[in-house]
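Some notes on the structure that comes next.
Model, not experiment: these values are computed from the prediction.
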Amino acid sequence: MADKEQVPPVDGVDGAKLSKGALKKAEKAAKKAEIIAEKKAQVGDTAPADSADGEDVSQGHYGEQPLIQSKEKVDRNLIKVKELSKENGKLVDQLVWIRGRLFTSRAKGKQCFFVIRQQQYTVQALLAVSGSVSKQMVKFAAAVSKESIVDVQGYVRAVEAKIEGCSQQDVELHVEQLFVVSASEPRLPLLLEDASRADSGVNQDTRLDNRILDLRTTTNQAIFRLEAGVCKLFRDSLDKQGFVEIHTPKIISAASEGGANVFTVSYFKNSAYLAQSPQFYKQMAIASDFNKVYTIGSVFRAEDSNTHRHLTEFIGLDLEMAFNYHYHEVTDQIGQLFVEIFKGLRDHYADEIATVNKQYPAEPFKFLEPALRLEYREGVRMLHEAGIEMGDEEDLSTPNEKLLGKLVRAKYDTDFFILDKYPLAVRPFYTMPDPNNAKYSNSYDMFMRGEEILSGAQRIHDSALLVERSKHHGINLSTIQSYIDAFKYGCYPHGGGGIGLERVVMLYLGLDNIRKTSMFPRDPKRITP
């Protein structure tokens, strides 16, 4: 035992002697200091700094992990949050590890509730002081910054009352261990709770300026998983029909769609263009006897359109196919392709649709099988009957497209339809004219909720007619000579179409802006992040 410290006589301010009462207090304080000194001598200086919380029985069961640098392999099975439910009975009352982000936390007394988020799934966790959980551990959990990535070990416990704020509503995790894998800075430029609310006041620019955080919301996780599903269903459907996936140049020598809406780029000592579509190359592939092709890739449009549905760069799902005798073989194929995509989304992406609908409610998307096909003149007639004044050969304006969509839904109970036989004057130079009426063409658009999502046609596969139509449109033949030459040596009759991926997803989910379905959108005012 350490020697007792000698406590000298205590004088007051300016050396004045203390009163008897004050002297008693001083002696009591000295005695207390002596006892503390004795205890320190017995146990050394290894006691926790916050001794008021008592012994830390959780030591080693919480804290910050060292930076993962692949130093060692850990034999640990991390369970996915989506698997935690009463339905998955084998996990109830089992001790499991999960990894996710700390979404929200709330400490109260000797316990701390927090929510772990893993992509679009969330589960509530509870940490409470007990024989195996210390006050220090609860304090540590309460101090972990939101959005930090954590490893949590706990028992999966069934609950009676639904946990409304989480996707996993019938279970919670009773925590035994908690480690921070990657800590977030405490100040977030965008609060995910705010960005996730149905009546969120977070404006679009704030979201896009902080897109990395914004994309973490359960809604955005669902949107882009569903978007990936559209690509998968597109590929799967066409692969079954014998289509070949191809990859086409994005730097081209001439504007593929004509007009001025093209980005010019420096190409060594010359100029080139960013592809407005893979149109020329799809057709060249048909002329090369591939017969059925598709491609998925970026499309560039230099349109100064700051609308809810336009982007300067988007993902195009394009297809082209040879047919035997009539281009309706193509429209029927594409119509059925969309039906298969819609059915696939309905049947396999119900969780994602439900997650998006929580924040952005929308009516379920309706479609017919086979897809409804109307002639352009019939669509114009429906608009006339609704009081719209427009010429039979005028192109549809955006408001008229939307109105027609409402009229079609009311009459045919479908959100998807094909509008066939467009006026030739409003279509590109490579569109095949209608042999029965020179004012119209073998072309079509397809619509979802009253907005165009595909434009297509039978293409001209005769080089002489293609030259004639090119001259009619005032196109410099020298800029597209290799394209025209592709049809000089015989080519199967063919047709196809181009689909805007982001627009399909926006309209299927009933969203109000295409920037919600573009991961990093590009428009006339935004090229970052």
Side-chain angles (χ1 to χ4, degrees), residues 39-40 42-68 71-86 88-118 121-163 165-184 186:
K39 283 186 176 179
K40 274 189 179 180
Q42 287 174 349
V43 301
D45 291 328
T46 59
D50 196 354
S51 58
D53 287 336
E55 184 185 354
D56 188 355
V57 295
S58 301
Q59 212 164 37
H61 287 184
Y62 68 95
E64 294 198 11
Q65 278 189 2
L67 181 67
I68 294 177
K71 184 179 180 181
E72 59 184 359
K73 295 180 180 179
V74 178
D75 185 17
R76 178 183 293 168
N77 182 29
L78 294 171
I79 301 298
K80 297 206 175 294
V81 168
K82 68 181 290 187
E83 296 173 10
L84 304 178
S85 68
K86 278 184 184 177
N88 190 355
K90 65 181 182 181
L91 289 180
V92 174
D93 296 327
Q94 297 299 305
L95 190 62
V96 301
W97 280 98
I98 65 169
R99 174 174 290 179
R101 290 191 183 272
L102 191 138
F103 182 39
T104 60
S105 67
R106 177 171 53 88
K108 190 176 181 182
K110 295 183 178 181
Q111 57 187 14
C112 179
F113 289 91
F114 53 95
V115 173
I116 299 299
R117 190 186 72 251
Q118 195 180 77
Y121 300 99
T122 51
V123 65
Q124 179 172 279
L126 169 63
L127 187 64
V129 174
S130 65
S132 60
V133 174
S134 65
K135 287 183 181 179
Q136 292 93 328
M137 183 174 177
V138 173
K139 281 185 177 181
F140 173 82
V144 175
S145 53
K146 292 177 182 179
E147 292 305 296
S148 294
I149 297 170
V150 293
D151 278 355
V152 180
Q153 185 197 47
Y155 286 97
V156 180
R157 302 298 192 197
V159 295
E160 294 304 317
K162 270 188 175 183
I163 301 171
C166 294
S167 66
Q168 311 310 103
Q169 298 188 333
D170 55 7
V171 294
E172 66 181 8
L173 207 60
H174 289 196
V175 178
E176 294 291 317
Q177 298 194 62
L178 170 67
F179 292 96
V180 175
V181 176
S182 179
S184 168

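The two residues Val171 and Ala158 come nearest to each other via the heavy atoms CG1-CA, 4.2 Å. Annotation for Val175 and Ala125: closest pair CG2-CB, 3.8 Å, computed over non-hydrogen atoms. Minimum interatomic distance between Leu127 and Ala141 (heavy atoms only, all atoms of both residues): CD2-CB, 3.5 Å.
A search for side-chain contact (heavy atoms from CB on, under 4.5 Å) contacts involving Ala142 returns Ala107, Cys112, not counting sequence neighbours. Take Asp170 and apply the salt bridge (charged side-chain N to carboxylate O under 4.0 Å, His left out) test, not counting sequence neighbours, and it matches no residue. Under the side chain to side chain donor-acceptor pair (under 3.5 Å) criterion, Tyr155 pairs with no residue at all, not counting sequence neighbours. Residues passing the side-chain contact (heavy atoms from CB on, under 4.5 Å) test with Ser134, sequence neighbours excluded: Asp56, Val57, Ser58, Tyr62, Gln136, Met137. Among residues two or more places apart in sequence or in another chain, the side-chain contact (heavy atoms from CB on, under 4.5 Å) test is passed with Ser184 by Ser145, Glu147, Ser148, Leu188. For Val159, the side-chain contact (heavy atoms from CB on, under 4.5 Å) partners are Ile163, Glu172, not counting sequence neighbours. Applying the side chain to side chain donor-acceptor pair (under 3.5 Å) test to Glu83 and every residue at least two apart in sequence or in another chain returns nothing. Checked against side chain to side chain donor-acceptor pair (under 3.5 Å), Asn88 has no partners two or more places apart in sequence or in another chain.
In this structure, the separation between CD on Gln124 and CZ on Arg157 is 14.5 Å, given to the nearest 0.5 Å. For the atom pair CG of Leu91 and CG of Leu84, the computed distance is 6.5 Å after rounding to the nearest 0.5 Å. Rounding to the nearest 0.5 Å places CZ of Phe179 at 8.5 Å from CD of Gln153. To the nearest 0.5 Å, atoms NZ (Lys139) and NZ (Lys135) are separated by 7.5 Å. Annotation: the span from Ile149 atom CD1 to Arg117 atom CZ amounts to 9.5 Å, rounded to 0.5 Å. In this structure, CG in Leu102 is found 8.0 Å from CG in Leu178, a value given to the nearest 0.5 Å.
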Check the pair Lys82, Gln118 against side chain to side chain contact (heavy atoms under 4.5 Å, CB included), reporting the backbone distance first and the verdict last. CA-CA 8 Å; Lys82 68 181 290 187; Gln118 195 180 77; 5.8 Å; no
Determine whether Val181 and Val150 satisfy the following criterion, side chain to side chain contact (heavy atoms under 4.5 Å, CB included), listing intermediate values before the conclusion. CA-CA 5 Å; Val181 176; Val150 293; 5.8 Å; no
Take Val123 and Val115 through the test side chain to side chain contact (heavy atoms under 4.5 Å, CB included) and record every step on the way to the result. CA-CA 6 Å; Val123 65; Val115 173; over 6 Å; no
Please evaluate residues Leu95 and Glu176 with respect to the criterion side chain to side chain contact (heavy atoms under 4.5 Å, CB included), reporting the C-alpha separation (whole Å), side-chain torsions for both, the decisive distance (0.1 Å), and the verdict. CA-CA 9 Å; Leu95 190 62; Glu176 294 291 317; 4.0 Å; yes
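Although no hydrogens or angles enter the test, the distance criterion places no donor-acceptor pair under 3.5 Å between the side chain of Thr122 and the main chain of Ile116.
Side-chain contact between Val156 and Asp93 is absent, with no heavy atoms from C-beta onward closer than 4.5 Å. For the pair Phe103 and Lys146, the minimum side-chain heavy-atom distance is 4.5 Å or more.
Evaluation of the side chain to side chain donor-acceptor pair (under 3.5 Å) test over residues 97-106, restricted to residues two or more places apart or in two chains, returns Arg99-Asp151.
Taking a 6.0 Å sphere around NZ of Lys110, one finds it holds 12 or fewer heavy atoms contributed by other residues, nucleotides or ligands.
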